[in-house]
Amino acid sequence: MTAPRGLTIAGSDSGGGAGLQADLKTFQELGVFGMSAVTAVTVQNTLGVSGVYPMTARAVAEQIDAVGSDIGVDALKTGMLFDAEIIEAAAARISAFGWTNVVVDPVMIAKGGAELLRWEAVEAMKRHLLPLALVATPNIPEAEVLAGMKIKTMEDRREAAKRIAGYGAKTVVIKGGHAGEHGEEKAQSESGESRTSVQDLVVDLVYDGRGFEELSGVRIPTRHTHGTGCTFSAAIAARLAAGSNVREAVRTARDFIQAAIEGAPELNLGGGHGPTAHWAYRRRIGVGQG
Ligand SMILES: Nc1ncnc2c1ncn2[C@@H]1O[C@H](COP(=O)(O)OP(=O)(O)OP(=O)(O)O)[C@@H](O)[C@H]1O
Ligand SMILES: Cc1ncc(COP(=O)(O)O)c(N)n1
């Protein structure tokens, strides 16, 4: 028996709240041995990104080969991939190893507005990476780009999820952290009755190719949401590495990020978008008991 092994193919966030640092912390908290293939070094803190230094596609491929050929990978996630060459190299290595527990977080723009994926690389993401995704986790702006449509209602989100699944992602989770920012309408219950305003609830929409599920939690009014998307997708990968099915992995990830955001005031770091408390879920629940 080996320990569950997780790989993140992602950018480095010097501030430690997002990127591969958030991923490795999340893996560790969920009892998974974490490994990384660095795609880019970002100069970053809670105030934003002030520099991006990408790796070559070859360097990314070699890192993946090094860990894949020796240590092995039970599940992986991708985060910031920066350009089409890196996407193609990562996709080729994932295919060559035959890895199937693949979570694609299609990171495009940092909270402060910095470009973490070159615009022209979106096509490569659709063509090479989404077909390999067991789970894809776009936020609303990323889902708009991938699906080629505006998202204002939950019905729009369902349509976007179907379109993204059309590129080959088996399960699509369109996260609701950004809902309401550009006039998306209030969350509605299935009866059509207004359940609560988007100020109060955050709803992640899950589409598994057959049906939809809405996972909701209390929307925490806070500026400490740096790295929420990275952490959420890393938690999904960690649970997959430990043997969970997709449904359970996504549910645990939602609980994990909710606890991490709730615990952020305890950290109270930086003058901008602060990081979340990756240890909060374990302190509440305990390791490996999702
Ligand atoms: N204020 C909040 N309260 C509770 N949960 C939240 C909040 N904001 C985001 N989340 C949760 O965090 C996860 C990431 O969602 P979000 O839509 O913010 O992703 P993201 O845009 O990729 O992250 P980021 O904005 O940090 O780049 C989702 O599970 C979402 O439900
Ligand atoms: C290196 C790196 N990768 C990803 C993100 C986005 O973070 P998130 O969407 O989780 O906030 C980031 N800010 N920096």
Side-chain angles (χ1 to χ4, degrees), residues 8-26 36 38-55 77-82 103-117 135-145 151 157 173-182 184 187 198-206 214-236 249-265 272-276 278 280:
T8 175
I9 306 173
S12 165
D13 167 10
S14 51
L20 69 87
Q21 286 81 359
D23 299 337
L24 294 177
K25 290 174 194 181
T26 302
S36 60
V38 187
T39 58
V41 170
T42 70
V43 181
Q44 189 170 177
N45 58 23
T46 67
L47 301 173
V49 178
S50 54
V52 174
Y53 299 92
M55 305 292 290
K77 66 150 281 186
T78 65
M80 170 188 182
L81 294 172
F82 193 65
V103 182
V104 174
D105 184 13
V107 172
M108 294 181 189
I109 308 276
K111 274 230 164 61
E115 189 186 58
L116 301 180
L117 180 74
V135 187
T137 62
N139 62 24
I140 288 174
E142 290 156 359
E144 289 186 326
V145 170
I151 298 176
R157 244 206 269 185
V173 184
I174 303 187
K175 300 168 293 186
H178 294 253
E181 276 176 8
H182 305 290
E184 195 197 44
V198 287
Q199 302 304 317
D200 303 319
L201 209 62
V202 58
V203 182
D204 296 340
L205 178 72
V206 185
E214 293 180 15
L215 298 180
S216 54
V218 173
R219 179 179 292 271
I220 302 151
T222 176
R223 66 186 169 88
H224 301 306
T225 56
H226 179 54
T228 52
C230 303
T231 302
F232 177 72
S233 54
I236 297 173
V250 172
R251 282 165 177 262
T252 300
R254 175 99 254 312
D255 293 344
F256 188 96
I257 192 60
Q258 189 78 25
I261 299 170
E262 278 171 17
H273 289 298
T276 68
H278 290 96

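For ligands, and for the atoms within them, numbers begin at 1 and follow the listed sequence.
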> Relative to atom 27 (O) of ligand 1, which among E262, K111, M108 owns the nearest non-hydrogen atom?
Replying inline: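 Nearest option to atom 27 (O) of ligand 1, by heavy atoms: K111.
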>> With a heavy-atom distance limit of 4.0 Å, tell me whether R254 approaches ligand 1 through its side chain, its backbone, both, or neither.
In response: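 For R254, the contact with ligand 1 is made by the side chain alone.
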> Is there side-chain contact between F232 and T26, with heavy atoms separated by less than 4.5 Å?
Replying inline: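 Contact flag for F232/T26 side chains = no.
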> Is G229 in polar range of ligand 1, meaning some N or O pair under 3.5 Å apart?
Replying inline: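 Indeed, backbone or side chain, G229 has an N or O that close.
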> Atoms of ligand 1 less than 4.0 Å from R219 heavy atoms?
Replying inline: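 Within the 4.0 Å cut-off of R219, ligand 1 contributes 1 (N), 3 (N).
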> What pairs with T137 under side chain to side chain donor-acceptor pair (under 3.5 Å), at least two apart in sequence or on another chain?
Replying inline: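 Expected list: D105.
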>> Does either side chain, that of S12 or that of Q21, offer a donor lying less than 3.5 Å from an acceptor on the other one?
In response: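 Yes, Q21 and S12 have a side-chain donor paired with an acceptor closer than 3.5 Å.
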> Residues two or more places apart in sequence or in another chain: which of them pass side chain to side chain contact (heavy atoms under 4.5 Å, CB included) with T222?
Replying inline: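 Once residues adjacent in sequence are excluded, the partners of T222 under the side chain to side chain contact (heavy atoms under 4.5 Å, CB included) criterion are I220, H224, T225, I261.
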> Against heavy atoms of Q258, which atoms of ligand 1 measure under 4.0 Å?
Replying inline: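 The atoms of ligand 1 under 4.0 Å from a heavy atom of Q258 are 4 (C), 5 (N).
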May I have a table of the N/O to N/O pairs between ligand 2 and the protein that fall below 3.5 Å, each row giving the two atom names and the distance to 0.1 Å?
residue	atom	partner	partner atom	Å
ligand 2	10 (O)	G229	N	3.2
ligand 2	10 (O)	C230	N	2.6
ligand 2	11 (O)	G227	N	2.9
ligand 2	13 (N)	Q44	OE1	2.8
ligand 2	14 (N)	Q44	NE2	3.2

>> Out of I220, I257, V250, D200, who is nearest to atom 2 (C) of ligand 1 when you count heavy atoms only?
In response: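 That would be I220.
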>> Going by ring-ring contact (aromatic ring centres under 6.0 Å, His included), name the residues that satisfy it together with F256, two or more places apart in sequence or in a different chain.
In response: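 Only Y281 meet the ring-ring contact (aromatic ring centres under 6.0 Å, His included) criterion with F256.
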>> So, taking the atom named NE2 in H178 and the one named CD in E144, what distance separates them when rounded to the nearest 0.5 Å?
In response: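 Here the interatomic distance stands at 10.5 Å.
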> Any idea which atoms of ligand 1 are less than 4.0 Å away from a heavy-atom of G227?
Replying inline: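 That gives atoms 26 (O) of ligand 1.
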> If you measure only the distance, is there a donor-acceptor pair under 3.5 Å linking the side chains of S233 and K77?
Replying inline: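 A pair is found: one side chain offers a donor N or O, the other an acceptor, under 3.5 Å apart.
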> So, is G177 polar-close to ligand 1, with some N/O to N/O distance under 3.5 Å?
Replying inline: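 By distance alone, the answer is yes.
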>> Within the 4.0 Å heavy-atom shell around V218, which atoms of ligand 1 are there?
In response: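 Under 4.0 Å from V218, ligand 1 has these atoms: 3 (N), 4 (C).
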>> Looking at non-hydrogen atoms alone, which of D204, I236, L215 comes nearest to atom 30 (C) of ligand 1?
In response: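 It is D204 whose heavy atom sits nearest to atom 30 (C) of ligand 1.
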>> Using heavy-atom distances only, which candidate in I140, I261, T228 approaches atom 7 (C) of ligand 1 most closely?
In response: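 Nearest option to atom 7 (C) of ligand 1, by heavy atoms: I261.
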> Of the options L20, V107, L117, which is the one that meets M80 in a side-chain contact (heavy atoms from CB on, under 4.5 Å)?
Replying inline: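 Answer to the side-chain contact (heavy atoms from CB on, under 4.5 Å) test with M80 among L20, V107, L117: V107.
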